[in-house]
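Just below is one structure, and these are the notes that go with it.
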There are 2 protein chains.
Amino acid sequence: MLTRTPRSSSDKNSLLARGVMLWRCIADEYEQTILVGKYENGAKLPPESEIAARYGVNRHTVRRAIAELGARGLVRTERGSGTYVKTDKLDYRIGQRTRFSEIVAAAGHEAEGRLQGHRHEPASEEIAARLGLKAGADVVRLEILRAADRVPISVATTWLSAQRYPDAAKIFRQLRSITRTLDRYGITGYARKWTRISAGFTDAVDAGRLRLSVHRPILVVESLDVAADGEPILTSRGRFAADRVALIVES
Amino acid sequence: MLTRTPRSSSDKNSLLARGVMLWRCIADEYEQTILVGKYENGAKLPPESEIAARYGVNRHTVRRAIAELGARGLVRTERGSGTYVKTDKLDYRIGQRTRFSEIVAAAGHEAEGRLQGHRHEPASEEIAARLGLKAGADVVRLEILRAADRVPISVATTWLSAQRYPDAAKIFRQLRSITRTLDRYGITGYARKWTRISAGFTDAVDAGRLRLSVHRPILVVESLDVAADGEPILTSRGRFAADRVALIVES
DNA sequence: CCAAGTTGTCTAGTTCAATAGACAAGTGAT
DNA sequence: ATCACTTGTCTATTGAACTAGACAACTTGG
């Protein structure tokens, strides 16, 4: 061991970043070791008391760090038993009938969709072309955060014609589902026409919303959904947490 | 503006990262804008009260953020006048006579060297070859943090023969200078024999010591110093904060 | 010199991170 | 069934972050 000059160097001090809370440092430390593959899926973390002792920290502080890991979808805790690593990913099947809530429910999880923001804006050329509108036409823009079992899965920016669906935001905020929102407008069956998948990294905003660090990988999914008669309904640009989702494409 | 669902979204909320203090977020924000070149050297920051208003935050919080920027060597504050950006770098001339304290003093700053850690260890083949020892020979290893005007400039790992300089660590801790430490052993004139410069990025440990973010650029300086008779004395591996230092090589 | 503007310092109060200890509730193996 | 072990919850305390307001000390330009 290196002998350190400043003071008694418990493992606690080696973590301490100025202005960053202790529990956050511990959570980040464990996230690294988990993401780097040191723990297999389902592996058990050391008991809280042991982690606390190792870092020279109170058990409550460790509990808070673990709660953060849970919110990030990295671990699951079982009372009386222990804390277990979750590195398996949600299989997200992309096909003609792609409905977030159905996919998540089929996997045995609780789906949730929250409207983070919305506005009316003139359509860019790109968006207008997708929706079959003139460039500059009024469109509704929705920012939607989707989660499975309270763990954020994706953030999506969705555009719809403001003329046809003027109150889409208000209705979505109540019903929390695109499918049910369109149902209000009499659209009963809509289908995915095309999907474009690329990759990138989280920026500060998406990282916050998805409870990820900055510079984590994301899957960027652009898509167009059309009505039964082929008329464009909505187009979307979703950013999926690649640490938590795998996209399955039918072939 | 996007209408946000959760709550009133002042600019303050857009910064808030869970587990990170407000002042730290503000400091990081300003560090980014400074490092990205938005401010010229010597440019004046907005007054504290204006920054506070902009973020919807108390002035004391802003003061703390600015103090952090000062500690990182990015700004200098002048009472009654304002806060000014410092992006100029310390010119660090590398020659036969390379003495940290002399270089810093010549630039009109206050030099400081602190021993962060030390130990005896067997020399690696590389280190042994440099020092003219057998591989595995006992060497003293020092971890030294150097600063100019309290701003960290470099961290260096230095190796000396443990047989010849057994108490190097103890003496350095008192005298805080390699030159004066060697003087105790009767070495009055020593000279740089070779210097090897490469580049890299901060790891978590060096970032903390140098008060830098992780993944900031560093200059890696490996070197060998010899006595007047050509006998190897010490070899070193320094990591210099590239944001704060420019190396000047005589030709 | 004067006045406006800016940084430095002080006091006071609220909120929350972290510590400390104790006990309840649940699990798993003997 | 019992016992050791683990997670969940509760209370209480300390210290730091952040807010709020006021005033002193200093700089700059007119």
Side-chain angles (χ1 to χ4, degrees), chain A residues 7-8 10-30 39 42-72 74-86 149-150, chain B residues 7-8 10-30 39 42-72 74-86 149-150:
Chain A
R7 60 196 62 174
S8 74
S10 65
D11 291 311
K12 179 178 177 175
N13 287 350
S14 69
L15 280 180
L16 263 178
R18 294 181 326 282
V20 183
M21 321 216 144
L22 202 38
W23 61 266
R24 177 54 130 78
C25 297
I26 295 173
D28 287 349
E29 185 111 324
Y30 267 87
Y39 288 95
K44 188 175 173 178
L45 288 186
E48 296 167 352
S49 53
E50 188 179 322
I51 298 178
R54 171 181 303 277
Y55 285 111
V57 137
N58 192 277
R59 187 177 142 234
H60 293 292
T61 307
V62 173
R63 284 181 60 71
R64 182 135 194 200
I66 290 178
E68 171 70 13
L69 293 176
R72 293 183 194 174
L74 286 167
V75 301
R76 132 189 68 90
T77 63
E78 291 182 7
R79 182 173 190 166
S81 175
T83 302
Y84 302 88
V85 173
K86 272 201 310 184
D149 292 339
R150 300 271 164 181
Chain B
R7 61 195 62 172
S8 74
S10 67
D11 291 311
K12 179 180 179 176
N13 287 350
S14 69
L15 280 180
L16 265 177
R18 295 181 325 284
V20 183
M21 324 246 95
L22 203 38
W23 62 265
R24 177 53 130 80
C25 295
I26 295 173
D28 287 348
E29 186 111 322
Y30 267 86
Y39 288 95
K44 188 175 174 179
L45 288 187
E48 296 167 352
S49 53
E50 188 179 321
I51 298 178
R54 169 182 306 277
Y55 285 112
V57 137
N58 193 278
R59 187 177 142 234
H60 293 292
T61 308
V62 172
R63 283 181 61 70
R64 181 130 194 206
I66 290 178
E68 171 70 14
L69 293 175
R72 293 183 193 174
L74 286 166
V75 301
R76 132 190 69 88
T77 63
E78 291 182 5
R79 181 174 191 167
S81 175
T83 303
Y84 302 89
V85 173
K86 272 199 311 182
D149 291 339
R150 300 270 166 185

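Letters A, B, ... are given to chains in the order of the sequence lines, protein chains preceding strands, and every chain is numbered from 1.
Remark: A:Trp23 is not in phosphate contact with C:dA17, judged by side-chain N or O atoms under 4.0 Å from OP1 or OP2.
In this structure, CG on A:Leu69 lies 10.0 Å from CH2 on A:Trp23, to the nearest 0.5 angstrom. Atom CD of A:Glu48 sits about 4.5 Å away from atom CZ of A:Arg63, to the nearest 0.5 Å. To the nearest 0.5 angstrom, B:Ile51 atom CD1 is 12.0 Å from B:Thr61 atom OG1. Here the CD1 atom belonging to A:Ile66 is positioned 4.5 Å from the OG1 atom belonging to A:Thr83, to the nearest 0.5 angstrom. Atom CZ in A:Arg64 sits 12.0 Å away from atom CD1 in A:Ile26 (nearest 0.5 Å). To the nearest 0.5 Å, atom SG of residue B:Cys25 and atom OH of residue B:Tyr30 are 14.0 Å apart.
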- Note on the structure: For nucleotides 1-9 of chain C, 5' to 3', base contacts (B), sugar-phosphate-only contacts (S) and non-contacts (-) with protein non-hydrogen atoms under 4.0 Å give ----BBBBB
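Note on the helix from C:dC1-D:dG30 to C:dT30-D:dA1: terminal axis deviation equals 30°, with five pairs used at each end and the result rounded to 10°.
Shortest non-hydrogen contact noted between B:Ala43 and B:Tyr39 is CB-CD2, 4.0 Å.
In terms of modelled atom types and a separation under 3.5 Å, the side chain of B:Lys44 and the main chain of B:Val85 share no donor-acceptor contact.
Between the CG atom of B:Leu22 and the C1' atom of D:dC18 there is a distance of 8 Å, given to the nearest Å. Computed from coordinates, the A:Arg76 CZ to D:dT6 P distance equals 17 Å when rounded to whole Å. The separation between A:Glu68 atom CD and C:dA17 atom C1' is 14 Å, rounded to whole Å. Between the CG atom of A:Leu69 and the P atom of D:dT7 there is a distance of 13 Å, given to the nearest Å. The CZ-P distance, from B:Arg18 to C:dA17, rounds to 12 Å in whole Å.
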What N/O pairs connect the protein and nucleotides 14-16 of chain D at under 3.5 Å? Give each pair on its own line.
none

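More than 12 heavy atoms of other residues, nucleotides or ligands sit less than 6.0 Å from atom CZ of B:Arg18. The environment of B:Arg76 atom CZ is dense: over 12 non-hydrogen atoms of other residues, nucleotides or ligands sit within 6.0 angstrom.
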- Check against salt bridge (charged side-chain N to carboxylate O under 4.0 Å, His left out), A:Asp28 and A:Arg72: CA-CA 11 Å; A:Asp28 287 349; A:Arg72 293 183 194 174; 3.0 Å; yes
